[in-house]
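Structure first, commentary second.
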There are 2 protein chains.
Amino acid sequence: MGTETVKARRKPRADSIRNRELLLEAAAHVFSAGGPQASLDAVARQAGVGIGTLYRHFPTREDLFEAVYRHEVDHLGELAEELARDPDPVEALRKWLHANVRLVATKKGMIEAFQLVAHGSTELKAYSFERLTNAIGLLLHRGVAEGKLRADIAPEDLLRTLVGIFYSQGTADWQPTALRLVDIFVDGLRKR
Amino acid sequence: MGTETVKARRKPRADSIRNRELLLEAAAHVFSAGGPQASLDAVARQAGVGIGTLYRHFPTREDLFEAVYRHEVDHLGELAEELARDPDPVEALRKWLHANVRLVATKKGMIEAFQLVAHGSTELKAYSFERLTNAIGLLLHRGVAEGKLRADIAPEDLLRTLVGIFYSQGTADWQPTALRLVDIFVDGLRKR
DNA sequence: TTGATAAACGGAGGCATCCTCCGTATAACT
DNA sequence: AGTTATACGGAGGATGCCTCCGTTTATCAA
């Protein structure tokens with residue numbers, strides 16, 4: 001009795017971690033261009049790894065979708081932390097929102113993939129919502145503290161507005177409009 | 001000058017028309033079970049025609065989706081015209097709404113396909129909306145004329161309510177709930 | 001360092017699906 | 001009954017899916 005049940009686990013191999021990263025970047029690229037039904041062989045090729053490696057990391061297409069999505073959300077979160085050190089808080093907020101527009105524009109094919117996977121995982125939705133809300137909160141907070149932004153808007157509201165701007169837009173050539181709407185909105189947030 | 005520019009076109013071949021119909025029915029069946037990514041070979045097999053015939057009628061998968069959708073909408077329209085001759089107008093309305101629930105339930109896989117194609121064709125959306133609104137109007141009108149139904153509801157409102165009932169339902173086992181909601185609603189429409 | 005070994009890698013291969021192409025069949029017309 | 005426009009079927013080459021396993025390599029203990 002009382003045998004060692006906790007296996008002393010090795011730390012993950014460096015190549016494994018690296019390949020996972022390569023795959024996520026390649027997948028974002030390929031799905032952006034080809035939509036959700038793009039070839040997984042193409043993803044592996046783009047990443048420069050074997051197809052077996054792809055399947056080991058992401059057994060199903062949905063697993064890959066989900067991981068890519070998380071990855072992108074995390075990127076936005078990190079970008080917010082970076083921009084939080086920008087000297088001009090209003091400009092920082094504007095930049096971050098623009099990054100969102102650019103992301104959605106570039107990754108149009110990916111969005112469809114997300115809609116497919118989002119149906120399943122509410123956990124994923126909750127995670128994204130929280131992560132993005134925090135990112136916005138970070139940027140808003142500084143602006144308010146420095147007296148440059150109005151204090152009466154919650155991060156959730158801003159996020160929902162952003163989503164609304166994306167959602168209401170049709171397919172073609174919506175990007176300039178979305179950027180304009182974002183600018184107008186940010187301008188409205190400015191404290192006079 | 002003035003040469004005959006209008007070619008005297010033969011009337012379409014009977015087998016062509018028949019095969020088209022067979023394909024649409026087979027497609028509804030196969031997509032219902034297998035979702036939007038179901039094999040087109042399977043559709044042709046189910047219809048009992050060659051794969052070449054399928055591709056001649058519907059060059060792309062989306063063409064097939066769209067045609068199947070139109071076909072189903074037309075079915076609902078025809079059903080409404082049939083039910084309009086039912087002696088009991090309230091019962092007729094109830095039957096028609098139930099047919100809608102059953103359609104959506106049976107053709108769950110198809111719904112996903114529609115969402116994919118609906119993004120593209122607003123023309124299709126407009127067509128469906130009009131056709132279904134007319135169907136409802138037909139059924140409502142008789143009930144109102146005979147003093148069996150309240151007069152203060154527009155066909156569009158009923159259609160939107162129906163869509164709402166479908167949309168708000170989750171995935172599993174929603175059908176009984178939807179039927180119950182429809183019944184409650186129809187009961188509410190009854191003139192006391 | 002140097003094995004030992006758990007962990008990860010690559011890609012061949014078998015099977016499914018896609019879609020084109022063209023020889024054959026047949027319905028519509030005369 | 002003959003002609004011809006039109007449609008049919010399905011073989012076949014290309015591509016994609018996913019598993020399986022022999023090979024490679026990073027980690028760890030000595």
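A note on names: the letters A, B, ... follow the listed sequences, proteins ahead of strands, and every chain is numbered from 1. Everything quoted here is computed from the prediction, not taken from an experiment. Note that these values count all heavy atoms, side chains included, but never hydrogens, waters or copies made by symmetry.
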Check: How does each nucleotide of nucleotides 9-18 of chain D score, in 5' to 3' order, for protein heavy atoms under 4.0 Å: base (B), sugar-phosphate only (S), or none (-)?
Finding: BBB----SBB
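- Here ring pair (Phe, Tyr, Trp, His ring centres under 6.0 Å) pairs that include residues 41-60 of chain B, with residues two or more places apart or in two chains, number zero.
- Looking at residues two or more places apart in sequence or on another chain, you find no side chain to side chain contact (heavy atoms under 4.5 Å, CB included) involving H141(A).
- The side-chain hydrogen bond (donor to acceptor under 3.5 Å, both in side chains) analysis of residues 149-159 of chain B, with sequence neighbours excluded, yields the pairs R150(B)-D152(B).
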Give me, pair by pair, the N or O atoms of the protein and of nucleotides 2-5 of chain C that are less than 3.5 Å apart, along with how far apart they are.
| residue | atom | partner | partner atom | Å |
| --- | --- | --- | --- | --- |
| dT5(C) | O2 | R10(A) | NH2 | 3.2 |

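- Rounding to whole angstrom units, CG of residue D15(B) and P of dT24(C) are separated by 19 Å.
- Between H57(B) and dC8(D) there is a side-chain N or O to OP1 or OP2 distance below 4.0 Å.
- For F31(B) and dT17(C), the CZ to P distance is 13 Å, given to the nearest whole Å.
- Among residues two or more places apart in sequence or in another chain, the side chain to side chain contact (heavy atoms under 4.5 Å, CB included) test is passed with L189(B) by L93(B), L149(B), I153(B), L158(B), F185(B).
- The CZ-C1' distance, from F58(B) to dC18(C), rounds to 17 Å in whole Å.
- Rounded to 10°, the angle separating the first-five-pair axis and the last-five-pair axis of the helix from dT1(C)-dA30(D) to dT30(C)-dA1(D) equals 20°.
- For residues 132-145 of chain A, the salt bridge (Lys or Arg N to Asp or Glu O under 4.0 Å) pairs, not counting sequence neighbours, are R142(A)-E146(A).
- Residue P12(A) is the one, among P12(A) and P12(B), whose nearest nucleotide of DNA chain C lies closer to the 5' end (criterion: closest heavy atom).
- dA8(C) atom C1' lies 12 Å from atom CG of L23(A), rounded to whole Å.
- As rounded to whole Å, 14 Å separates atom P of dA8(C) from atom NZ of K11(A).
- Counting only distance, with no hydrogens or angles, the side chain of S16(B) and the backbone of P12(B) share no donor-acceptor pair below 3.5 Å.
- Not counting sequence neighbours, R45(A) has no partner by the side chain to side chain donor-acceptor pair (under 3.5 Å) test.
- Screening residues 16-44 of chain A for salt bridge (Lys or Arg N to Asp or Glu O under 4.0 Å) gives no qualifying pairs among residues at least two apart or on separate chains.
- Between the CG atom of L22(A) and the C1' atom of dG10(C) there is a distance of 15 Å, given to the nearest Å.
- Evaluation of the side chain to side chain donor-acceptor pair (under 3.5 Å) rule for R56(A) yields no partner, not counting sequence neighbours.
- Residues E91(A) and K95(A) are not paired through a salt bridge, judged by the lack of any N-O separation under 4.0 Å between the basic side chain and the carboxylate.
- Taking atom CZ of R18(B) as the reference point, atom P of dT26(C) lies 11 Å away to the nearest angstrom.
- In this structure D74(B) satisfies the side chain to side chain contact (heavy atoms under 4.5 Å, CB included) test together with E78(B), Y127(B), R131(B), sequence neighbours excluded.
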